[in-house]
Amino acid sequence: MSWLTEYVRPKIRGLLKREVPDNLWTNCESCEQMILTKDLHKALNVCPHCGHHMRASVAERLEWTFDNGEYTRIELPKVPVDPLSFRDRKRYTDRLKDERAKSHLDESMVVAHGLIGGQNAVVAVMAFEFIAGTMGAALGEAFLAAARLAILQQSPLIVFTASGGARMQEGMISLMQMPRTTVAVEMLKEAGLPYLVVLTNPTTGGVSASFAMLGDVQIAEPNALIGFAGQRVIEDTVREKLPEGFQRAEYLLDHGMLDMVVKRADLRTVLAQLIGQLNFRHIARPAA
Amino acid sequence: MHGRENSLRENVWLACRLCYRQRMRQFLDFEKSVAELENKIDELRRMSGPDGINIAEEITRLSEKADRQLRAAYAKLTPGQKVQVARHAQRPHTVDYISTLITEFSPLAGDRLFGEDKAIIGGIGRFRNQPVVVIGTERGAEIETRLKHNFGMARPEGYRKAQRLMKLAGRFGLPVLTFIDTSGAWPGIDAEARGQAEAIARSIETCLTVPVPVIATVIGEGGSGGAVALGAGDRVMMLEHAIYSVISPEACASILWRDPKQAATAADALRLTAQDLLQLRLIDRIIPEPLGGAQREPQVAIRAVGDAIAAELPALLAKDPALLKAQRREKFLAMGREAVA
C-alpha cells in the first residue's frame with residue numbers, strides 16, 4: 001500500500017493572523033540600538049543599524065515568503081499526545097497546554113501553500129517559540145503532510161528550520177522522527193520535486209542531523225547557529241575555546257556545508273528563482 | 001599536585017589493564033552481595049586441598065545462592081540499573097561479535113573523503129556462510145583501544161565510511177549487519193567543522209534506501225543520533241539489557257530536572273529499555289542475555305545475537321528489493337503516528 005492511498009486531503013483553514021506589536025521601540029539584541037518596532041517589522045526583523053537578523057514568528061515568516069503575504073495553512077494530522085506519560089518537573093501534557101496558550105500554535109511546525117514568484121509552493125515553518133522548536137511525533141507528521149501536499153500539487157517544498165533538537169519528553173519516539181522525516185525527503189526526491197532548506201537561527205541536534213541537512217539546495221540566514229552538538233557540550237568535551245564564528249552560517253559556508261547565506265530581504269527572490277528553475281518540469285503557471 | 005594526579009592516573013591505568021588482562025569480574029553496585037559471595041567462593045577454591053569434600057559442598061551451596069541473587073536482581077532491573085549494565089566495560093563489543101560471528105572477514109577502512117575513523121569499524125565477511133557487510137561502533141575495551149576507537153564516538157568520516165560500506169553492500173546484493181554501542185556521535189570542533197549533522201542525516205538516508213536487508217542490533221548503549229545513523233534498518237533488535245535513548249539520562253536530567261543526579265529518574269521517564277521500546281513498537285526483537293548480563297558470558301550473548309540474525313535474515317533476503325525498501329519505509333512512517341499500549 002502506498003502512502004497515496006492513505007492520503008487524506010487536508011482541510012483548508014486559511015488562517016491569516018496579524019500580530020500588533022504592543023511595544024513602540026525594540027532594542028537590537030546585537031548592537032542594542034533602539035529601533036522603532038514598526039520600522040523593524042518593515043525591515044523583516046533585521047536591525048537597520050547592524051544587519052542582525054532577529055527571530056521571526058511563524059506568521060511573519062509565512063507573510064514574507066508568499067506573494068503578497070497570501071497563503072493557505074493546512075490543518076495538520078493529530079498524533080497521540082504524550083505517548084510516554086512523561087513527567088519531569090512538570091507534566092508533558094501541562095507543558096504542551098501552556099506552550100499552546102503562550103504561542104497560539106498547536107505544535108512546532110506550521111505548513112502552508114501558496115504562490116512564490118507566481119509558482120505553487122509548499123512551505124513548512126518551524127516554530128522555535130514552541131518548546132524550542134523541538135521535534136516530536138507531531139512535527140514528523142507535519143513534515144510528512146507537507147511533503148505529501150507538495151507531491152500532490154507537484155510543487156516544491158521549502159522548509160524553514162529552527163530547532164533545539166529532539167523533544168526529550170517523547171523519548172525514542174522523537175529520535176525515530178529522524179528516519180521518519182528522512183523518508184519524507186526521499187518521497188520528494190523520487191517524485192522529482194525540489195526540496196529547499198532554509199536554516200534559521202538556531203538549528204541543532206536531531207533536526208540538523210535529519211531533514212534539515214538533506215536539501216537539494218541548502219540556504220541559511222546570516223549568522224544563524226547551525227550544528228549537531230551544542231556549544232556547551234563541545235566545550236565541556238574538548239576543553240578548548242571554540243573558534244570565532246564557530247557553527248555560524250558563514251562558518252558552515254566556508255566548510256562546504258551550505259550553498260549560500262542569504263539575507264532575509266533577498267530570500268524570497270532567491271527562493272522564487274530556484275524553484276522556477278528546479279521545478280521547471282512541473283510548473284503549471286496558474287492563469288493570471 | 002600535578003605529580004600526585006599523574007601517579008594516580010597511572011595507577012588507575014595499571015589497575016584497568018590488570019583487570020582486563022586477568023578478566024577480573026567488574027561488579028555493579030547492585031551486584032554487591034553477589035560479588036561478596038563470589039569472592040568467598042574464590043577464597044574457598046584457593047584454600048581447598050585434596051580433602052576438600054566439605055568445601056566443594058560449601059562452594060556449590062554458595063554458587064547456588066549467588067545464582068539466585070543474580071537471577072532476582074536481573075529479573076527486576078530498574079531502567080537506571082539497565083543503563084549501568086548496558087555500559088558495563090566487560091560486555092562484548094562489536095569486535096567480539098565480528099570475530100565470533102563473521103568468518104573470512106576483510107576489514108574495510110576510510111571514507112575516501114577525509115580519513116579513517118576507528119570509532120566505526122566494518123568490512124565484508126560471511127555470516128553462517130552468507131556473505132555480508134558488517135558495520136558497527138566500537139568503544140574499545142582497555143585504555144589503548146578506547147583511545148584508538150575514540151570510546152565509540154564517531155566523527156563524520158566514520159558515518160561516511162558507513163555510508164560507503166552500505167552502498168557497496170547494495171551494489172553487490174549483500175545484507176548489512178550493524179552493531180550499535182555508542183554513547184553518541186563525537187561532540188568536537190573537528191566533527192562539527194566537517195559536517196557531523198550532514199554525515200548522520202546522510203547515513204540515516206542510506207540505511208533507508210539501500211536495496212538490501214539491513215539488520216541493526218543494539219548490543220550495549222544506543223546513544224541518540226550517533227546510534228540511529230546505523231539504526232534505520234528493516235529489523236532493529238536489542239539485547240535484553242541494552243538501552244536506546246534520544247539523550248543520555250544524565251544529560252536529560254541536567255536539562256529537564258536541572259540536576260544531573262536525577263539520572264535514574266530520567267532513565268525511568270525516557271522509556272529507554274528494550275522492553276519498553278518493544279512495547280512502543282519502536283524495535284522488533286529482544287535478544288535474551290545470559291544470567292547476570294552479556295558481560296558474564298560474552299560467548300553466550302554473542303551466539304544469541306547470531307541466532308537472532310539467522311532467524312530474521314532468510315525472510316528478508318527472499319524479499320524483492322523494492323518491497324523490502326517499501327516495507328522499511330512503512331515501518332518508520334508508522335512510528336509515533338498511532339497510540340500504542
Side-chain angles (χ1 to χ4, degrees), chain A residues 1-3 77 79-80 83-84 86-89 136-138 140-141 144 166-180 182-187 203-206 208-214 226-230 233-234 236-238 240 242-243 246-247 251-252 255-257, chain B residues 153 184-202 204-205 207-209 222 224-229 231-232 244-247 251-253 255-258 262 265-266 269-272 276-277 280 282-283 326 328-330 332-340:
Chain A
M1 195 172 63
S2 88
W3 59 270
V79 294
L84 306 188
F86 196 97
R87 176 178 201 165
D88 45 81
R89 288 170 309 145
E141 201 65 48
L144 268 166
R167 176 93 42 96
M168 281 175 282
Q169 293 89 343
E170 292 187 24
M172 276 293 286
I173 291 170
S174 78
L175 194 71
M176 287 302 121
Q177 303 311 308
M178 292 170 71
R180 197 163 178 235
T182 304
V183 170
V185 175
E186 290 311 306
M187 297 187 324
T203 300
T204 59
S208 75
S210 59
F211 66 92
M213 278 294 164
L214 296 173
I226 304 157
F228 179 63
V233 176
I234 298 172
D236 289 350
T237 309
V238 299
E240 256 178 76
L242 302 178
F246 180 63
Q247 290 185 325
Y251 178 92
L252 270 84
H255 285 80
M257 300 318 299
Chain B
M153 292 183 279
W186 172 245
I189 296 171
D190 54 343
E192 294 291 319
R194 293 195 290 277
Q196 186 73 293
E198 192 270 352
I200 293 171
R202 207 63 76 184
I204 296 171
E205 184 184 42
C207 279
L208 289 166
T209 49
S224 189
V228 75
Y244 196 177
S245 183
V246 64
I247 185 170
C252 180
I255 298 169
L256 290 183
W257 280 266
R258 309 231 167 107
Q262 295 287 326
T265 317
L270 283 166
R271 309 272 306 265
L272 45 63
D276 279 329
L277 297 174
L280 290 163
L282 301 179
I283 64 161
R328 191 184 308 154
R329 267 188 187 189
E330 278 309 314
F332 285 97
L333 283 180
M335 291 181 180
R337 185 170 54 199
E338 281 147 34
V340 280

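None of these values were measured; they are calculated from a predicted model. A, B, ... follow the sequence lines: proteins, then strands. Residue 1 opens every chain. Quick note: numbers below take in every heavy atom, side chains included, and nothing from hydrogens, waters or symmetry partners.
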*Below 4.5 Å from any heavy atom of chain A, which atoms of B:S224 appear? Answer side chain, backbone, both or neither.*
both
*Structural part of A:V238 lying under 4.5 Å from a heavy atom of chain B*: side chain
*Applying side chain to side chain contact (heavy atoms under 4.5 Å, CB included), run through A:R167 and B:V246 and close with a yes or a no.*
CA-CA 9 Å; A:R167 176 93 42 96; B:V246 64; over 6 Å; no
*asked:* Just verifying a value: how many Å separate A:L175 CG and B:Y244 OH, rounded to the nearest 0.5 Å?
replied: 5.5 Å
*Sort A:Q177 into side chain, backbone, both or neither according to what part of it lies under 4.5 angstrom from a heavy atom of chain B.*
side chain
_Just to verify, what does B:A266 make a side-chain contact (heavy atoms from CB on, under 4.5 Å) with, not counting sequence neighbours?_
B:P249, B:C252, B:A253, B:W257
*Region of A:I234 that comes under 4.5 Å of a non-hydrogen atom in chain B*: both
*Who wins among B:G231, B:G195, B:A232 for the most heavy-atom pairs under 4.5 Å with chain A?*
B:G195
_Heavy-atom check, side chain of B:E330 versus side chain of A:V183, under 4.5 Å_ = no
*With sequence neighbours left out, what residues match B:E198 under salt bridge (charged side-chain N to carboxylate O under 4.0 Å, His left out)?*
B:R160, B:R202
_Heavy-atom pairs under 4.5 Å with chain B: which of A:L242, A:D88, A:V185 has the most?_
A:D88
*Counting heavy-atom pairs under 4.5 Å to chain B, which of A:V79, A:V233, A:T182, A:L214 comes out on top?*
A:L214
*Nearest 0.5 Å, what's the CD1-CD distance between B:I189 and A:Q247?*
9.0 Å
_If I take atom CE from residue A:M213 and atom CD from residue B:Q196, how far apart are they, to the nearest 0.5 angstrom?_
11.0 Å
*Count the heavy atoms of every other residue, nucleotide or ligand shown that sit under 6.0 Å from CZ of B:R258, and state whether that count exceeds 12.*
no
*Under a 4.5 Å heavy-atom cutoff, which of B:A326, B:G184, B:A197 has the most pairs with chain A?*
B:A197
*Side-chain contact, heavy-atom cut-off 4.5 Å: B:M335 with A:M172?*
no
*Can you tell which part of B:L270 gets under 4.5 Å to a heavy atom of chain A, answering side chain, backbone, both or neither?*
both
*Quick one: what part of A:E186 sits under 4.5 Å from any heavy atom of chain B, side chain, backbone, both or neither?*
both
*Is chain A contacted by the side chain of B:I247, its backbone, both, or neither, given a heavy-atom distance below 4.5 Å?*
side chain
_B:I204 and A:F211, any side-chain heavy atoms less than 4.5 Å apart_ = no
*What's the shortest heavy-atom distance between B:A185 and A:F228, and which atoms?*
CB-CE2, 3.7 Å
*Look at B:E205, B:R194, B:Q262 and state which one has the largest set of heavy-atom pairs under 4.5 Å with chain A.*
B:E205
*For the atom pair CG (B:D190) and CD (A:E240), what is the distance rounded to the nearest 0.5 Å?*
9.0 Å
*Check whether any side-chain heavy atom of B:L256 lies under 4.5 Å from a side-chain heavy atom of A:Q169, and answer yes or no.*
yes
_I need the residue from A:G136, A:S208, A:G256 with the largest number of non-hydrogen atom pairs under 4.5 Å to chain B._
A:S208
_Let's go through B:D276 and A:L84 carefully: what are the C-alpha distance in whole Å and the side-chain angles of both, what is the deciding distance for side chain to side chain contact (heavy atoms under 4.5 Å, CB included) to 0.1 Å, and is it a yes or a no?_
CA-CA 10 Å; B:D276 279 329; A:L84 306 188; over 6 Å; no
*Could you give the distance from CG (B:L333) to CE (A:M187), rounded to the nearest 0.5 Å?*
6.0 Å
_Under 4.5 Å from a heavy atom of chain B, the part of A:M168 involved_ = both
*Largest heavy-atom contact set with chain B, pairs under 4.5 Å, which of A:A137, A:P243, A:S174, A:G171*: A:G171
_Counting C-beta onward and ignoring hydrogens, is there a side-chain heavy-atom pair between B:I200 and A:M178 closer than 4.5 Å?_
yes
*Under 4.5 Å, counting heavy-atom pairs only, tell me which of B:A191, B:G222, B:G336 racks up the most with chain A.*
B:G336
*Measuring heavy-atom distances to chain A, does B:R328 have an atom under 4.5 Å in its side chain, in its backbone, in both, or in neither?*
neither
*Nearest 0.5 Å, what's the CZ-CG distance between B:R337 and A:L144?*
8.5 Å
